[in-house]
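Notes follow the structure.
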Amino acid sequence: MKSLHVKSVLLCFMMSAALHATSLTLSGSVISENQKSLSSRYMGYVKRVYVNEGDVVKKGALLYSIDSKEVDTAREQSDLAIAQAELSLSTVENQYANAKLNLERYERLLAKDMVSKYEVENLELATTNLKATVEIARKQVASAKQKRQEVQNQYQYLNIKAPNESVVIEKHIKEGEMALSGVTTVVLADLSALKVTTEIAESYLGRVKVGDIARVEVPSIGCISEGKIEAIIPSSNPMAHTFKMKLSFTCKDAKAYPGMYAVVNVGE
């Protein structure tokens, strides 16, 4: 009986060990899968910076603004161009209206043989040309207004705003510095696209696959979530012989941020 009891205990221990062996506990980190590098569309001096590294910003929050003197000048020039185009249009419209009245008068006189047909034909040609000139002038007014709108649109690019709720992870500008077109000024990590990344030893790769459910915990904020393996990156770390694994998770009642420590349990 004693031997049977010992065998039973050993069997339970072996079953427990086998069960435990199927569970992997891995250390990981919270990352943002959507980092945005912002830059200025137009060159100009930075008038004011509203954020610092580490700040959490809401969607639409103002990050920094650029001096608008050059755009102000372009707007004044476009206003002048519109005024000139409208004045030209008004002039040719009056000329066209007078030409039509004059043509009508000469046509009545021609009917009475009081003027020559040649004179009437010349007036018809002049009226036709003025009509075409009016159309050109109208297009010039429309073009000037379109350019004015393009200049006006530049103002929105002088106030750089956050495209979504994010955390500022890099800032490369200061007030008074020149912001260059296309050069990164601020880097944001999108807080709506958080994942957990961890590394798994290559010897365990056969025990996990994309789509497997895992337990994801972010201890610092008390977040425990069901996660899912979304990717196993087939680019191993040659020094540690590990592969990167990426998992989804959801913290409903707590706010997670990139860089937080996470614990992943696979196969529980």
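Remember, it's a predicted structure, so these values are computed and weren't measured experimentally. FYI, side chains are in, hydrogens and waters are out, and symmetry mates aren't considered; it's all heavy atoms of this structure.
- To the nearest 0.5 Å, atoms CG (D55) and CG (L63) are separated by 10.0 Å.
- Here the closest heavy-atom approach between residue V92 and residue A137 is recorded as CG2-CB, 3.9 Å.
- In this structure the side chain of E70 never reaches within 4.5 angstrom of the side chain of Q154, judged on heavy atoms.
- The shortest side-chain heavy-atom distance between P258 and V167 falls under the 4.5 Å cut-off.
- Following chains of ILVMFWY side-chain contacts shorter than 4.5 Å, one can reach L180 starting from Y45, so the two form part of one hydrophobic cluster.
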Is there a side chain to side chain donor-acceptor pair (under 3.5 Å) between N34 and S32? Walk through the geometry before answering.
CA-CA 5 Å; N34 183 20; S32 174; over 6 Å; no
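- Distance check: R108 CZ to E104 CD gives 6.5 Å after rounding to the nearest 0.5 Å.
- Hydrophobic clustering (side-chain heavy atoms under 4.5 Å, transitive across Ile, Leu, Val, Met, Phe, Trp, Tyr) keeps V168 apart from I31.
- Taking a 6.0 Å sphere around NZ of K145, one finds it holds 12 or fewer heavy atoms contributed by other residues, nucleotides or ligands.
- Other residues, nucleotides and ligands contribute over 12 non-hydrogen atoms within 6.0 Å of the OH atom of Y261.
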Does S65 form a side-chain contact (heavy atoms from CB on, under 4.5 Å) with N159? I'd like the steps, not just the answer.
CA-CA 4 Å; S65 58; N159 294 313; 3.3 Å; yes
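- Contact check on E135 versus R138 returns a salt bridge, with a Lys/Arg side-chain nitrogen under 4.0 Å from an Asp/Glu carboxylate oxygen.
- Of the possible polar contacts, one joining the E53 side chain to the K171 backbone as a donor-acceptor pair under 3.5 Å is found.
- At a threshold of 4.5 Å between non-hydrogen side-chain atoms, the residues V71 and Y155 count as touching.
- With M245 as reference, V266 is the one residue of V196, V266, T197, L205 to meet the side-chain contact (heavy atoms from CB on, under 4.5 Å) rule.
- The main-chain N or O of E86 is never found under 3.5 Å from a side-chain atom of S90 such that the two would form a donor-acceptor pair.
- Between P163 and K36, the shortest heavy-atom contact is CG-CD, 3.4 Å.
- Looking at T128, its side chain does come within 3.5 Å of a backbone N or O of E124 through a donor-acceptor pair.
- Rounding to the nearest 0.5 Å places CZ of R75 at 12.0 Å from CD of Q77.
- No path of Ile, Leu, Val, Met, Phe, Trp and Tyr side chains, each step under 4.5 Å between heavy atoms, connects M114 with Y118, placing them in separate hydrophobic clusters.
- With rounding to the nearest 0.5 Å, the separation of OG in S116 from CG in L109 is 11.0 Å.
- In this structure, A254 and I221 approach most closely via the heavy-atom pair CB-O, 3.7 Å.
- Although no hydrogens or angles enter the test, the distance criterion places a donor-acceptor pair under 3.5 Å between the side chain of S225 and the main chain of T250.
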Please lay out, stage by stage, how L194 and F249 fare under the test side-chain contact (heavy atoms from CB on, under 4.5 Å).
CA-CA 8 Å; L194 297 180; F249 75 104; 4.1 Å; yes
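- Atom CE of M178 sits in a crowded spot, with more than 12 heavy atoms from other residues, nucleotides or ligands closer than 6.0 Å.
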What verdict does the side-chain contact (heavy atoms from CB on, under 4.5 Å) test give for L89 and V134, after you've listed the backbone C-alpha separation in whole Å, the side-chain angles of each residue and the deciding distance to 0.1 Å?
CA-CA 6 Å; L89 173 61; V134 168; 4.2 Å; yes
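- Between V49 and K174, every side-chain heavy-atom pair lies at or beyond the 4.5 Å cut-off.
- A salt bridge between K209 and D212 is present, with a side-chain N of the basic residue lying under 4.0 Å from a carboxylate O of the acidic one.
- In the hydrophobic clustering of this structure, V264 groups with Y257; members are Ile, Leu, Val, Met, Phe, Trp, Tyr whose side-chain heavy atoms approach within less than 4.5 Å, directly or through other members.
- Separation of atoms OG1 (T242) and NZ (K244) is listed at 9.5 Å; rounding is to 0.5 Å.
- Within a 6.0 Å radius of CD in E165, other residues, nucleotides and ligands contribute more than 12 heavy atoms.
- Counting all heavy atoms, side chain and backbone alike, V216 lies closest to S248 at CG2-O, 4.3 Å.
- The closest side-chain heavy-atom distance from H172 to T185 is not below 4.5 Å.
- Note on L130: it does not cluster hydrophobically with L103, by side-chain heavy-atom contacts below 4.5 Å among ILVMFWY residues.
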Between S181 and R41, does the side-chain contact (heavy atoms from CB on, under 4.5 Å) criterion hold? Intermediate values first, please.
CA-CA 5 Å; S181 176; R41 185 164 181 172; 5.6 Å; no
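- Between the side chain of S166 and the main chain of N164, a donor-acceptor pair closer than 3.5 Å is present.
- With side-chain heavy atoms closer than 4.5 Å counting as contact, directly or through intermediates, the hydrophobic cluster containing Y42 also holds Y157.
- How far OG of S88 is from CD of E93: 10.0 Å, rounded to the nearest 0.5 Å.
- Here the shortest heavy-atom pairing between V46 and A179 reads CG2-CB, 3.9 Å.
- Across every non-hydrogen atom of G211 and K228, the tightest pair is O-CG, 3.6 Å.
- Atom NZ of K161 sits in a sparse spot, with 12 or fewer heavy atoms from other residues, nucleotides or ligands closer than 6.0 Å.
- The shortest side-chain heavy-atom distance between Q95 and T91 falls under the 4.5 Å cut-off.
- When side chains are defined from C-beta on, L24 does not count as touching N265, because their heavy atoms never get closer than 4.5 Å.
- K255 places a side-chain heavy atom less than 4.5 Å from the side chain of L191.
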